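Before any comments, here is the structure.
Keep in mind that what you see is a predicted model, and the values were worked out from it rather than measured.
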Amino acid sequence: MPSIEYNEADTRAKLIDPALHRRGWTEDFIRREVTAGSIEIISGKARRRGRGKADYVLRYKLRPDAQPVALALIEAKRNTLPAGHGLDQAKGYAACDRLHVRFVFSSNGYQFVEFDRETGVTSDPQPIEQFPSPEDLRKRFEASAGFALDDPAAAPLLQTYHEGEGTRRYYQDAAIRAVLEKVARCEREGKPSRALLSLATGAGKTFIAVNLLKRIADAGLLKRALFLCDRDELRTQGLKAFQNVFGSDAAEVFRKNGENNAQNARVHVATYQTLGVDKDDGDASFLSEFYPENHFTHIVIDECHRSAWGKWSEVLNKNPKAVQVGLTATPRKLAEKLERNAGSTIQYPMAKVVVPEELPLAAESGGKPATTEAMKDATLCADNHKYFGEPVYEYDMAQAIEDGYLAACQIQHGLVSVDETGITKADILARNPKDAITGKPITAAQLDELYRRHQFEDRILLPDRVMAMCQDLFNYLLETGGPEQKTIIFCARDRHADDVATQLNNLYADWCRKTGKERLDCYAFKCTAASSGNDQLPDLRAASRSHFIATTVDLLSTGVDVPCVRNIVFMKYVKSPISFYQMLGRGTRIDIETNKLMFTVYDYTGVTGLFGEEFITKPPREPGDGPFEPPPPPPPPEPTIIVDGFDVHVTDAGRSIVTEVDGKAMPVSVEEYRARLAAKLIEEAHTLSEFRSIWIDPPTRRELIDTLVSAGYSPRVVRMVDDKDDCDLYDVLAELGWGLSPRTRQDRALAFTYKNEEWLGSLPEVAGRTIKAIAGQFRIEGTEALENKYIFGIPEVEQAGGLNALRAAGEPKELLRETKIRMFAA
């Protein structure tokens, strides 16, 4: 054992740093990447704390003015642990390409262990004096990358960020490098340059697109670029971001006085609709008129998963030589094997697919049998993975929540009685069903067997069900901060959105009358395409005294950034994982202005069972062998039935927290989440006494929390879910691990004072007053207050006597440490 025991920070400073510098790893080659860190509310104010970090990211800098390229990660551990102790933790950082590095190291200051992610081989411990030099790792990187850093094709990798590295997040840098590395490799190999990025909604895909093209432009490799999206709001947001960097060299595509408004720009920002490639008849007139073949050298497609059946294929096919990059939160995969009556198969260019008979005709065929060539193109373009290849970089919602870039997600499950039991034809007839439009009675002959539970509020309207769900939701809102919370409710159809808004407005008006509260106008409102819902989006986003609950069908599922939304409610059945994640993404953004750090999903239809599902897309139908019979024309719309008189109630089915399970964002019950966190905590700190020792030492405390969070379990999320924001994390964890009755920060500060009267009385009076004042700061900010380097500048502490008072009583550092020990023993 070493004669001197160092904590992790001292191990880095006294052992690892000097050894790395001797091997040529100067500060120019080392970066300590950090995450945003968890956010929590203290005294009613949101603040960041506990920034996550990787100890060392080793980067190679080809020239003094070049952007360093990340090559490796080192996880440092204290000198009394084995050299490979941190390897699993370090591999965890890189396992999902979070840092996009090939080489992973762990060291205790004396030895190091290496894991090569490409080969999967872990080395034996080696002396730190033999650690690879920058040139060694550069050569190994270039051999695996397929290009040299000084190749012309790699020039964009060496371009610095437009506004410096302080503007980017670690995963955004990793995503940009991943694309640039693949493009350089494809150019060297003479292959088409295509890359797919998969990042959670809210992770900043527009930032990545802008900086990716800017670095390519700075390398002199960008002639004309196209940024393509499918929503006006995405276009507006993208245009602003590009113009902030490219100025007038970025322009919106539209027809102006018979000309293309963007004809002189280097970056063209367009929607599918503007280019004309969204039309079923394939009339891409704008594209044909203004953009000849291979007009663009670079194309970035935003939200490419929504371009089903090749809406963007015309653009890509017309620019085959362009670097093509797809951005998505939900990368589609084509179904590999589907049944068909006769079992006949169709050979596609990249997959052998068995096509089911019941699938509808391809949309682009206008309802007529599609040609084999058209079907091949459609299949090719519908499948992100097959066209672009596997994502070069992935960053999902669970990782973003863990890093503190997206709000934590809690799920409240509700079981609706009629959805569980179902209703029969006899049940409907017994309650005198009516046509919802005409009010005329519905006869038995008009009923069929298609009315299943997923059609509630779509084909069959149940006012009692709507009322029960709205009452249940309103009760939850009252219990969790009041009814005036920004909320989006996904409904089955336009009429359902109307009914839900009406019921919630009535419940709100009744609550205001009974409580004497001021009734704010436009409480719940319908926000659908049929109601010109976009007109009310600014109020949903910004108004603080109106427009609280938006009921919608699909309008708010994509392309809408509303950070203040605290609740996402599913009153409709959703079968598509892609649609589910798009809807969920409306709640993931953090909003510091409103202290929104976590959002709640109210699930009345079991939709959260789609967590972790693959984004599978079925191929369009192709006629099989023999004569093809087109389907008959669709029948006239059937009447929508409205039925009163059902006894409907909602049962609380428990809560879940979304966390990472086997690399995927998955809901875990609150009880199971707590149990897993407790088990991991006890694994790291075996006794309450050991936990207390770890907690009072900042480096080991941060290491413990990092380990818990890396395992997928955040103490801060438990604190938020359990409504213990007035407790320090120490008490949250001590209760989980060892059943200690939790104290609020205020109670712990008071307990410290009365339990330590004798000790405080033994100190000079002014020193005792100062320590009491410091303990008073714990009541406001918790553990960090006792370690705040500016603690002696706080007015209450300064007035009590400040630093000089402690100096008169002994060594201030030791007195503060003793204060911490006694605080957590109180």
TODO: Report the relative orientation of the aromatic rings in Phe131 and Trp25; use parallel for angles under 30°, tilted for 30 to 60°, perpendicular for over 60°.
DONE: perpendicular
Check the orientation of Tyr405 and Tyr171. Use parallel for under 30°, tilted for 30 to 60°, and perpendicular for over 60°. perpendicular
Check your understanding: Sub-3.5 Å donor-acceptor pair from the side chain of Gln777 to the main-chain atoms of Ile774, do we have one?
Key -> no
Quiz item: Is the centre of the Phe103 ring less than 6.0 Å from the centre of the Phe141 ring?
Solution: no
Sequence neighbours excluded, the answer for side-chain hydrogen bond (donor to acceptor under 3.5 Å, both in side chains) partners of Arg188 is Asp151
Go through Lys820 and Glu787 one step at a time and tell me if the salt bridge (Lys or Arg N to Asp or Glu O under 4.0 Å) criterion holds.
CA-CA 9 Å; Lys820 280 202 292 185; Glu787 298 165 352; 2.8 Å; yes
For Leu222, is there any backbone N or O sitting under 3.5 Å from a side-chain donor or acceptor partner on Thr297? no
**Request:** Would you confirm whether Asp10, through its side chain, and Ala13, through its main-chain N or O, come within 3.5 Å as a donor-acceptor pair?
**Result:** no
Got a salt bridge between Lys680 and Glu683, using NZ or NE/NH1/NH2 to carboxylate O under 4.0 Å? yes
Ionic contact status for Glu129 with Arg23, cut-off 4.0 Å
no
Worksheet item: Between Arg266 and Phe246, is NZ or CZ placed under 6.0 angstrom from the six-membered ring centre and within 45° of the ring axis?
Response: no
**Prompt:** Any sub-3.5 Å donor-acceptor pair from Tyr393's side-chain atoms to Leu196's backbone N or O?
**Reply:** no
Applying side-chain contact (heavy atoms from CB on, under 4.5 Å) to Glu163 and not counting sequence neighbours gives Thr167
Review point. Does the pair Lys77/Glu703 count as a salt bridge with the N-to-O cut at 4.0 Å?
Key: yes
task = Kindly determine whether Trp695 and Thr700 satisfy side chain to side chain contact (heavy atoms under 4.5 Å, CB included), including the steps that lead there.
result = CA-CA 7 Å; Trp695 196 260; Thr700 56; over 6 Å; no
### Message
Please determine whether a side-chain nitrogen of the Lys or Arg among Glu690 and Arg692 lies less than 4.0 Å from a carboxylate oxygen of the Asp or Glu.
### Response
no
Value for CG (Leu327) from OG1 (Thr206), rounded to nearest 0.5 Å, stands at 8.0 Å
- Answer yes if the ring centres of Phe227 and Phe242 are under 6.0 angstrom apart, and no otherwise. yes
Short side-chain to backbone donor-acceptor contact, Arg78 and Tyr6, under 3.5 Å = no
Rounded to the nearest 0.5 Å, the SG atom of Cys186 sits from the CD atom of Gln324 at a distance of 11.0 Å
Might you work through the side chain to side chain contact (heavy atoms under 4.5 Å, CB included) test for Ile74 and Leu20, ending with a clear yes or no?
CA-CA 11 Å; Ile74 305 179; Leu20 290 178; 3.9 Å; yes
dist Ile128:CD1 -> Arg22:CZ (nearest 0.5 Å) comes out at 9.0 Å
Start with the C-alpha gap between Tyr110 and Asn79, add the side-chain angles, then the distance that decides, and say whether side-chain hydrogen bond (donor to acceptor under 3.5 Å, both in side chains) holds.
CA-CA 7 Å; Tyr110 305 116; Asn79 68 329; 3.1 Å; yes
> Less than 4.0 Å between a side-chain N and a carboxylate O, is that true for Arg168 and Glu165?
Replying inline: yes
| said: Go through it in stages, so that I can follow the logic: the residues are Arg138 and Leu62, the test is side chain to side chain contact (heavy atoms under 4.5 Å, CB included), and I'd like the CA-CA distance, side-chain angles, deciding distance and then a yes or no. | reply: CA-CA 10 Å; Arg138 174 194 172 180; Leu62 192 66; 3.6 Å; yes
Return yes if some donor-acceptor pair links the side-chain N/O of Thr160 with the main-chain N/O of Gln67 below 3.5 Å, else return no. no
Taking Gly389's backbone N and O only, do any of them form a donor-acceptor pair with Arg194's side chain (distance below 3.5 Å, no angle check)?
no
* Asked: Do Arg140 and Asp136 meet the salt-bridge criterion of a basic N to acidic O distance under 4.0 Å?
  -> no
Note to self: Can you tell whether the side chains of Arg59 and Asp173 come within less than 4.0 Å, N to carboxylate O?
What the structure shows: no
**Exam field: side chain Arg701 to backbone Ile696, donor-acceptor pair closer than 3.5 Å** = no
Looking at Glu784 and Lys789, is there a salt bridge between them, counting it only when a charged N and a carboxylate O are closer than 4.0 Å? no
Please check if any side-chain donor atom of Arg676 sits under 3.5 Å from a side-chain acceptor atom of Tyr713, or the reverse. yes
Check whether the side chains of Thr783 and Asp728 place a donor and an acceptor atom closer than 3.5 Å, and report yes or no. yes
Note to self: Any carboxylate oxygen within less than 4.0 angstrom of a Lys/Arg side-chain nitrogen, looking at Glu189 and Lys191?
What the structure shows: yes
*asked:* One thing to verify: whether Glu135 and Lys139 come together as a salt bridge, which I'm taking to mean a side-chain N less than 4.0 angstrom from a carboxylate O.
replied: no
**Prompt:** Hey, mind stepping through Leu677 and Leu708 against side chain to side chain contact (heavy atoms under 4.5 Å, CB included) and telling me if it holds?
**Reply:** CA-CA 7 Å; Leu677 175 56; Leu708 297 176; 4.0 Å; yes
Without swapping roles, check the side chain of Lys61 against the backbone of Pro64 for a donor-acceptor pair under 3.5 Å.
yes
Ring centroid separation Phe296 to His268 under 6.0 Å: yes
Those residues at least two apart in sequence (or on a different chain) that pass side-chain hydrogen bond (donor to acceptor under 3.5 Å, both in side chains) with Glu118 are none
Inspect the contact between Glu181 and Arg185 and indicate whether a charged nitrogen and a carboxylate oxygen are less than 4.0 angstrom apart. no
Thinking salt bridges, do Asp218 and Lys214 make one under a 4.0 Å N-O criterion?
yes
Salt-bridge test for Asp17 and Arg32: reply yes if a basic N is under 4.0 Å from a carboxylate O, no otherwise. yes
query = Counting N and O atoms only, with roles assigned by atom type, does the side chain of Tyr730 sit under 3.5 Å from a partner on the main chain of Phe824, one being a donor and the other an acceptor?
reply = yes
